[in-house]
Amino acid sequence: MSEIKFSVNETIDVHKNTTTKKIDSKYLVIHSPSANWLTLTKEEFFFFYNLQNKLSIKESLVMIYNSLSLCEDKCLSICESVLEKIYNYDFLSKNKGEEEELIENIKKNIQINITSDCNLHCKHCYLSAGKKNRQYLDFIKIKKFISKIDRDKVSDEIVISGGEPLLYKEIFPILKFLRKKNFNIILFTNGTLINESNIKDIAKYVDSIQVSMEGITKEYFEIIRGKNSYSKVMHAIELIKKENIKLVIALTILDSTIDDIENNIDYFCSQLNYDKLEIRLNNVIEKKGNAIKLPNSFFIKSELREEKTENILQKIISNGFSKPSKENRGIKFKNCGIGASIVINQDGLIYPCNDFSFNQGLSIDTDVDVIEYFNQLNRETSYKNIINCNNCDVGFFCCGGCKIKNKLDNGDYKIPTCNKYEIYKKMISRN
Ligand SMILES: C[S@@+](CC[C@H](N)C(=O)[O-])C[C@H]1O[C@@H](n2cnc3c(N)ncnc32)[C@H](O)[C@@H]1O
Ligand code: SF4
Ligand code: SF4
């Protein structure tokens, strides 16, 4: 609050033409033209409404004091909270929101899943990696495909993942090849195969390493990743730190591990004590592969899940291992991102996004211009082209849903399963 300067006699020029939805006990105030929103309590909404109607801060305060039978301190804290939200989320009428860049100008996320083999058999693994169908992408084909890509136009960054990529026989030749092509390389790994004899080579080629966890104490970690895996991963983390490589810990949140993460994340962060660390949360669980066999208790969306996830995120931010995001705010989405990725799987099929269940990939051997093909798919499936979504107040946030889910559920990318109430709830959880 200290950075916000205002005078009590000031009128604040907040967005007008908003729509308000009352969801449970919260008020969601949406300003579609700038792709922005606020989540307010009933009292905060009343205060905000007065500001919106050109009353000064002082007049709005008097108004709530007289109308809501609250003490002065409470009124002041409502006022502070609303002003903080307005300034933090830039909910001011001068903020018009940005147009999203055209798909052809967006740098692609290239991810090569080089194998479906794995030394672990995580209980939630959507790939059932390492158990059956251990495939390895052909090195020659990877080289040929990557050589066709115009790095400067398409992307300067490549993710190498799997399965467990460190099981791929030619992992170092492939990293060397990509490095020669001047790509930044990010390695996704379970960490257990990183040791004293390969860490120097990894450090030579890789710019950043992402290690995955679902629980953060040994007990919960090993329920998912198997016995004796925790100490190996923690050892790998120490080696990564020693080599001064950027480390990302990807925390996939299962309902069975959410309390472990929430209760222990502060201690975990302080123990890691590494300035090149970032912690990312993955809150979307694919019920595929091994995950299908997991009991419901691992997945049932508990009522408190969104709230707990937000709490975990705030803890990570306050520890300095993640930046506050204005997720989706201020950007008028024209697309959901399909085509903004190029995912090459171990079976040689290429996909336009990271969604695992899409089943119409292009072959890595194709003569088709893959980039243009995916760009075209993006343009065609823009929510602006979906009749029912055209005038939707939360279109900038929802973009007509996941296009792949639309296709799988309703047979067409452009037929969404619209559940606005869920969208409103999601927006509320991101305040
Ligand atoms: C498939 S793994 C491949 C890289 C490496 N083996 C690892 O575990 O990080 C990539 C990420 O997918 C996550 N993952 C696995 N199964 C998942 C599922 N059913 N839903 C969501 N994420 C999942 C893992 O936790 C991991 O963070
Ligand atoms: S999540 Fe990663 S480590 Fe676990 S089984 Fe799947 S590929 Fe292997
Ligand atoms: S699917 Fe529904 S909520 Fe989403 S943009 Fe279309 S109309 Fe709006």
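Read the numbers this way: they start at 1 and go in the same order the structure lists the ligands and their atoms.
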Can you tell whether the side chains of [X] and [Y] come within less than 4.0 Å, N to carboxylate O?
X: Arg151; Y: Glu157; answer: no
X: Lys42; Y: Glu44; answer: no
X: Lys246; Y: Asp207; answer: no
X: Arg379; Y: Glu104; answer: yes

Taking distance alone, with no angle check, do [X] and ligand 1 share an N/O pair under 3.5 Å?
X: Lys288; result: no
X: Lys287; result: no
X: Glu286; result: yes

Next item on the list: Only heavy atoms count here, so choose which of Pro165, Gly191, Gly163 is nearest to atom 6 (N) of ligand 1.
Entry: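 It is Gly163 whose heavy atom sits nearest to atom 6 (N) of ligand 1.
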
Next item on the list: Could you pull out, from Cys118, Ser212, Ala291, Ala250, the option with a heavy atom nearest to atom 7 (C) of ligand 1?
Entry: Ser212

Next item on the list: Measure the distance from atom 4 (Fe) of ligand 3 to every protein heavy atom, then report the residue, atom name and distance (to 0.1 Å) of the closest one.
Entry: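 Ranking protein heavy atoms by distance from atom 4 (Fe) of ligand 3, first comes Cys398 SG, 2.3 Å.
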
Item checked: For Cys122, the ligand 2 atoms whose distance to one of its heavy atoms is below 4.0 Å ->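 Near Cys122, meaning under 4.0 Å from one of its heavy atoms, ligand 2 has 1 (S), 3 (S), 4 (Fe), 5 (S).
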
Notebook entry, point to check: In ligand 3, which numbered atoms sit nearer than 4.0 Å to a non-hydrogen atom of Cys392?
Noted result: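 Atoms satisfying the 4.0 Å criterion: 3 (S), 5 (S), 7 (S), 8 (Fe).
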
Check: Near Pro416, which atoms of ligand 3 are under 4.0 Å from a heavy atom of that residue?
Finding: 1 (S)

Checklist line | Structural part of Asn113 in contact with ligand 1, heavy atom criterion under 4.0 angstrom | finding: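 The answer is neither.
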
Next item on the list: Answer yes or no as to whether an N/O/S atom of Cys389 is found below 2.8 Å from atom 8 (Fe) of ligand 3.
Entry: no

Which of the atoms of ligand 1 are close to [X], meaning less than 4.0 Å from one of its heavy atoms?
X: Asn282; result: 21 (C), 22 (N)
X: Gly162; result: 1 (C), 3 (C)
X: Thr189; result: 5 (C), 7 (C), 9 (O)
X: Arg225; result: 8 (O), 24 (C), 25 (O)

Margin query: When you measure from the heavy atoms of Leu120 to every atom of ligand 2, does any distance fall below 4.0 Å?
Written below: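 Leu120 counts as a contact of ligand 2 under the 4.0 Å cut-off.
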
Check: Under 4.0 angstrom from ligand 2, any heavy atom of Gly163?
Finding: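 The answer is yes: ligand 2 sits under 4.0 Å from a heavy atom of Gly163.
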
Notebook entry, point to check: Looking at ligand 1, does Val284 have a heavy atom less than 4.0 Å from it?
Noted result: yes

Notebook entry, point to check: Under 6.0 Å between ring centres, would you say that holds for Trp37 and Phe397?
Noted result: yes

Notebook entry, point to check: Backbone, side chain, both or neither: what part of Cys118 comes under 4.0 angstrom of ligand 2, heavy atoms only?
Noted result: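 Under 4.0 Å from ligand 2, Cys118 contributes side-chain atoms alone.
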
